[in-house]
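Within every chain, numbering begins at 1; the chains are lettered A, B, ... in the order of the sequence lines, protein sequences first and strands thereafter.
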Number of protein chains: 2
Amino acid sequence: MVSAPESSSTSTATLNRLSVYLRCLQELLRAGASTISSHALAERFHLSSAQIRKDLAQFGEFGIRGVGYEIAPLAERLHHLLGLDRKRRLVIVGMGQLGTALAGYIHFNDASFEVVAGFDNDPEKIGRKRRGVPVYSTDQLERVIQETGAEIAVLTVPATAAIECQEALAGAGVRAVLNFAPVLLPERGSMRVKNVDLRTYLEEASFLLSAPLP
Amino acid sequence: MVSAPESSSTSTATLNRLSVYLRCLQELLRAGASTISSHALAERFHLSSAQIRKDLAQFGEFGIRGVGYEIAPLAERLHHLLGLDRKRRLVIVGMGQLGTALAGYIHFNDASFEVVAGFDNDPEKIGRKRRGVPVYSTDQLERVIQETGAEIAVLTVPATAAIECQEALAGAGVRAVLNFAPVLLPERGSMRVKNVDLRTYLEEASFLLSAPLP
DNA sequence: TCATGTGAAGCAGTTCACAGCG
DNA sequence: CGCTGTGAACTGCTTCACATGA
């Protein structure tokens, strides 16, 4: 038994699975279960049980041989590991259709994240609230982000504006961006970027439909 | 010179890059360029030039040694390859905030995709149009999909409803799903699934913010 | 006995480095 | 000469298989 190494590097793939495991564990907990084996978990996600054990073993020995994992402490561990016991503030840049919808969606779905501000260039929107979120001019980006202490940004602006927005966000100290604009934004310095390119996803679907059935 | 192999298997990663290359080529074409080298492309995307050459070489020899790639024919080739010269019909299941926003977004952004129907359980919405898209009861899913010939579905329903929706879609003959519900839907038979899990993305960001700076 | 934790093997995708050709 | 096309090396993730321990 070793006290959790915790560090080195956890891959994105592993991280995303942990997020999914956590939700599953929370559900099991609500349903009154107390332990679960890697095999049982694997079945739910159509993964291999070894995958799950490897994922979990990175952070210390959490399982009980012959039995499985205790759900409650494991869930708590993952919750902490993902940094979810601390509420994260985020801003939405581009309060159009999609930005506004995401503001509501995040607010409604996720207790660990708080949408503290939206930005837009449309004078009609500036100074009002949309879905409970105050909308500021994009000029105010740096000031508002520093005042609110936001750490994450969701980018829902047109492709042409995305790069300059990213620069402004980097300047304001934002360290994580979810980019919905259809451009591949690069990581820059300490800023992490997750590109969520709807267009690419649709085109992937289109390709698969054209291809012969597997 | 070999006539394009075209087949075997193209990985998702490659496919997604092709989608991005295509948009870049179209932009270059509008700007009046006629050829581009793998190095110049690589610079734009912060990729290696070898990566780009490998990606493109899968479909035949398209480059001119000592020069680079001719933009127009390459763009046309990729466009065809991704199946974009054929208009794809899609439906949105769950016409809430997010579903409605996506309907507008796709319609506005992408000439190759047509949103032909939305589905929801809310009687208030059924029978009306939202963002130009007629909304039907979820009961009608199979009938409407077969009548419209939709091939792609965007899932924006609550997590609890996602699995049964997937089954209904599979039954209706839909072969590609973009799932925005926060559950990991499995591929089933010939149905391809792309999970776009906002919650996981946010939690990934949260983890990275907690972790020491790289 | 049964399920975990883990080295070793396997596989996939990326990068390297250079031969080949315009 | 410059840039493509490509085998070979490399990197990192996944799966296997088994020793270990409750």
Exercise for the section: Name the nucleic acid region contacted by B/S38, choosing base, sugar-phosphate or nothing; use a 4.0 angstrom heavy-atom cut-off, strictly under. Expected result: sugar-phosphate
Exercise for the section: For residues A/V154 and A/V115, determine if any side-chain heavy atom of one lies less than 4.5 Å from a side-chain heavy atom of the other. Expected result: no
Fill in the blank from the handout: CG (A/L102) and CG (B/L102) are apart, to the nearest 0.5 Å, by 8.0 Å
Report all interatomic pairs (protein N or O, nucleotide N or O of nucleotides 20-22 of chain C) with separations under 3.5 Å.
residue : atom : partner : partner atom : Å
C/dG20  : N3   : B/R65   : NH1          : 3.2

Handout entry: Heavy-atom pair with the smallest gap, counting every atom of A/L28 and A/R44
Key = CD2-NH2, 3.3 Å
Handout entry: C/dA3 OP1/OP2 closer than 4.0 Å to side-chain N/O of A/S37
Key = no
Handout entry: Pairing of A/E151 and A/R88 as salt bridge, 4.0 angstrom limit
Key = yes
Exercise for the section: State plainly whether the residues B/K87 and B/D110 are in salt-bridge range, i.e. N to O under 4.0 Å. Expected result: no
Practice task
Return the value, rounded to whole Å, for the distance between atom CZ of B/F59 and atom P of D/dG5.
Solution key: 13 Å
Practice task
Whole angstrom is fine here: how far is it from CZ in B/R53 over to C1' in C/dT15?
Solution key: 10 Å
Practice task
Round to a whole Å and report the spacing from CG of B/L15 to P of C/dT14.
Solution key: 12 Å
Exercise for the section: Identify which nucleotide among D/dT4, D/dG5, C/dT4 has an atom closest to any side-chain atom of B/E61, counting heavy atoms from C-beta outward. Expected result: D/dG5
Fill in the blank from the handout: With sugar-phosphate taken as primed atoms, P, OP1 and OP2 and all else as base, the protein-contact string of nucleotides 7-15 of chain D at under 4.0 Å (heavy atoms; B, S, -) is BB----SSB
Problem - Separation of atom CD in A/Q58 from atom C1' in C/dG5, rounded to whole Å - result: 12 Å
Fill in the blank from the handout: Regarding the side chain of A/H39, the nearest nucleotide among C/dA3, C/dT6, C/dC18 is C/dA3
Problem - Exercise: do B/R17 and A/T200 side chains pair donor with acceptor under 3.5 Å - result: no
Exercise for the section: Please find out if less than 6.0 Å separates the ring center of B/F45 from that of B/Y21. Expected result: yes
Handout entry: A/S38 versus A/R53, side-chain donor and acceptor atoms under 3.5 Å
Key = yes
Practice task
For the pair A/E187 and A/R192, find out whether any cationic side-chain nitrogen is under 4.0 Å from an anionic carboxylate oxygen.
Solution key: yes
Problem - Separation of atom CZ in A/F62 from atom C1' in C/dA3, rounded to whole Å - result: 17 Å
Handout entry: Under 3.5 Å side-chain donor-acceptor pair for A/S190 and A/R175
Key = no
Fill in the blank from the handout: Here the residues of residues 68-75 of chain A within 4.0 Å heavy-atom distance, strictly under, of DNA chain C are A/G68, A/Y69
Exercise for the section: Go through the steps to decide whether B/C165 and B/F119 satisfy the test side-chain contact (heavy atoms from CB on, under 4.5 Å), and finish with yes or no. Expected result: CA-CA 10 Å; B/C165 281; B/F119 297 93; over 6 Å; no
